[in-house]
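Have a look at the structure below before the remarks.
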Amino acid sequence: MSKPVSLNVADQKLDLTVKDGTIGPSVVDIAKLYAQTGMFTYDPGFTSTASCESKITYIDGDEGVLLYRGYPIDQLAEHGDFLETCYLLLYGELPNPAQRTDFNYRVTRHTMVHEQMMRFFQGFRRDAHPMSVMVASVGALSAFYHDSTDIADENQRMIASMRMIAKFPTLAAMAYKYSIGQPFVYPQNDLDYTSNFLRMCFAVPTEEYKVNPVLSRALDRIFILHADHEQNASTSTVRLAGSSGANPFACIAAGVACLWGPAHGGANEAALKMLQEIGTVDKIPHYIARAKDKNDPFRLMGFGHRVYKNYDPRAKIMQKTTHEVLNELGIKDDPLLDVAMELERIALSDSYFIEKKLYPNIDFYSGITLKAMGFPTSMFTALFALARTVGWIAQWKEMIEDPGQKIGRPRQLYTGAPQRDYVPTHMR
Ligand code: SDX
C-alpha cells in the first residue's frame, strides 16, 4: 500500500490519496484539488495523467511488455487467434469451447451490412482515402441499426458491439473494392473471420478464390497485435465521446477519425511511404540526419512511442511475421525490407535514438507485410482500425459500465485576453 502524498499549497498542507494498481505505477487522486486549492493540474498530452481505471490492457514501457487481460501479447499471438482475443478483451477471460463456438456464431451472424449501405458508398469519389470512407460508414451504421443504440440497455450494447466487430471487415473490404472499381464481395460465413476478410478484399466474380492459410494466419496475428493498447489517443477519443452518452457507432467512428493521424495509426502508411522515399540503403544516413535535425520536421515514421522506451513487443512479432509472409510469397529480396532493417540497425546504434529511447514501433514493419499481401498503402490504417475496433469497444463498454462514470470535461490554463468591452466598428 503506497504512502499518502502531501502537497504544500500556500499555508495549506494537503494529504492526497494514492491508489495502487495490480501492477504498474500508482496514481495520486487529485479529483478534489481544485475544490481545495482553486488550482488545476497541467499536463498537455497527458504524459503523467491517468484518465481512468481499467482492467483490460497493461503496458510496461520500460520492459517492453504488453498484456491483454494479463496474458502476454507474444503468447496470444503465438497460440491464439483474433476472435479469441476479441472475446478475451470484451469478457476478461479466455473462452472455453462452448463460449468460443457461441461467440463465433454471434459474430458470423452479423457480417453482412444493410443492402442500402451500397448506395451510401456510391456517394464517394473512387479515389477517396479508405479512412474517409470508414469514418463515414462506421458513423452511418447508427442510421441503420437504431435497435442497438440505447447504451443503457446491456443487450443493445452487446448487439452493437457484435455488429461493429462483424461489420468492420465487410465495410473495409467494400472501401477497398470501391477504390479499385471492383464489385463488392459478400461475406462467406463458412470461412474464419480473417479468411472471410481476405476473400472479400481479393476475390473476383470471375474465378474461384482460395485463401492462402499462411497469409490468413499472418493477418490474423497482425490483428491480434493491433487489438488494444491502454488509453492511446484513439481509445481516449472513444472514451470521451462515449462519456457524453453518444451512440456506440458514433463513438467508434470518432476513434477511427483519431487513429487516422500520422502520429498514431496513420504511421504505418507514413512509414512505408518514408521507406519508399528513402529508396536505397545508401540514402539512410541523410534521413537519419534529418530526423535528428531540430529545424527539420521530418521524423522516422514507425519509430518512437509515448509509452515504450524499450522495443515495442509487437514490433518484434511483426518483424517475424514479415519474414514469414515474404517467404511464403517467394519474395526473396524486398528492397523496402533491406532499407527497413538497415535503418533499424543504424538507428539503434545512434546516440540520438539511444538517448531518446526511440525504438521501432508496431507501424515500422507492418506496412511491408501488408504491401506484400497485396494491400495498397492507403488501406493500411483501415486494417489497423479493423483490429482496434474490439479494443475501442471493450474500453467503451468498461467506461459505460463503470458506476462512477461521468462526462469527461478537462479544464485549461487560460492565457488569452482579460475581460474587455466591445468596441464599435467605427472606433477600431
Ligand atoms: C501508435 O499510444 C499508443 O499506444 C499508440 C499505438 C497504439 O497501439 O495505439 O502504439 C500506435 O500510434 C504507434 C506510434 C506511431 N507513430 C509514429 O511512428 C510516428 C513517429 N513517432 C513520433 O511522432 C513520436 O515518437 C510519437 C508521436 C509516437 C510519440 O511522441 P511523444 O511521446 O510525444 O514524444 P515526443 O514527440 O515528445 O518525442 C520525444 C523526443 C523529441 O525530441 P526532443 O524534443 O525531446 O528533443 O524524441 C524525438 C522528438 O523530436 N522523436 C523523434 C521521433 N519520435 C520522437 N525523432 C525522430 N524520429 C522519431 N520518430
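Atoms within a ligand are numbered from 1 in the order they appear, just like the ligands themselves. Just so you know, residue 1 is the first one in the sequence shown, and it goes up from there.
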Answer with yes or no whether H226 contacts ligand 1, where contact means a heavy atom under 4.0 Å from a ligand atom. no

Close-contact set for ligand 1 against G304 heavy atoms, below 4.0 Å: 25 (O), 28 (C)

May I ask whether atom 21 (N) of ligand 1 is less than 4.0 Å from at least one protein heavy atom? yes

Under 3.5 Å between any N/O of D312 and any N/O of ligand 1: does that happen in this structure? no

Any donor-acceptor pair under 3.5 Å linking the side chain of R290 with the backbone of F298? no

Closer than 4.0 Å to some heavy atom of R388 - which atoms of ligand 1 meet that? 7 (C), 8 (O), 9 (O)

Is there a polar contact, in the sense of an N or O pair closer than 3.5 Å, between F353 and ligand 1? no

Numbering the atoms of ligand 1 from 1, which are under 4.0 Å from a heavy atom of A267? 15 (C), 16 (N), 17 (C), 18 (O)

Would you check whether L300 has a nitrogen or oxygen atom less than 3.5 angstrom from a nitrogen or oxygen atom of ligand 1? yes

T194 side chain to S216 main-chain N or O, any donor-acceptor pair under 3.5 Å? no

Would you say N268's side chain and S366's backbone share a donor-acceptor pair under 3.5 angstrom? no

Protein heavy atom under 4.0 Å of atom 39 (C) of ligand 1: no

Closest heavy-atom contact between F364 and G302? CB-O, 3.4 Å

In ligand 1, which numbered atoms sit nearer than 4.0 Å to a non-hydrogen atom of R306? 29 (C), 31 (P), 32 (O), 33 (O)

Atoms of ligand 1 under 4.0 Å from any heavy atom of L358, numbered from 1 in the order shown, are 47 (O), 51 (N), 52 (C), 53 (C), 54 (N), 55 (C), 56 (N)

Is_contact(atom 26 (C) of ligand 1), protein non-hydrogen, under 4.0 Å: no

Check E53, E398, E230 against R239 for a salt bridge (charged side-chain N to carboxylate O under 4.0 Å, His left out) and give me the one that passes. E398

Tell me the nearest of A263, G61, P262, G302 to atom 16 (N) of ligand 1, using heavy-atom distances. A263

Angle class for the H264/F384 ring planes (parallel below 30°, perpendicular above 60°, tilted otherwise)? perpendicular

K309/D62 ion pair, N-O < 4.0 Å: no

Judging by distance only, is a nitrogen or oxygen of K309 under 3.5 angstrom from one on ligand 1? no

Check each heavy atom of R299 against ligand 1 and say whether those closer than 4.0 Å belong to the side chain, the backbone, both or neither. both

Is the centre of the F375 ring less than 6.0 Å from the centre of the F202 ring? yes

Taking N or O atoms only and a 3.5 Å limit, does D363 qualify as a polar contact for ligand 1? no

Are any side-chain N or O atoms of D43 and backbone N or O atoms of S48, one a donor and one an acceptor, separated by less than 3.5 Å? yes

Taking everything shown except Q99 itself, do over 12 heavy atoms lie less than 6.0 Å from its CD? yes

If you apply the rule side chain to side chain contact (heavy atoms under 4.5 Å, CB included), what do you find for K167 with M174, and how did you get there? CA-CA 10 Å; K167 295 178 195 305; M174 288 168 70; over 6 Å; no

Report yes or no: does S243 contribute a side-chain atom to a donor-acceptor pair with the main-chain N or O of G408 at less than 3.5 Å? yes

Contact between Y352 and ligand 1, counting heavy atoms under 4.0 Å? yes

If you measure from each heavy atom of K294 to ligand 1, is any distance below 4.0 Å? yes

Minimum distance, heavy atoms only, to atom 57 (C) of ligand 1: which one of A291, P360, A270, G266 is it? A291

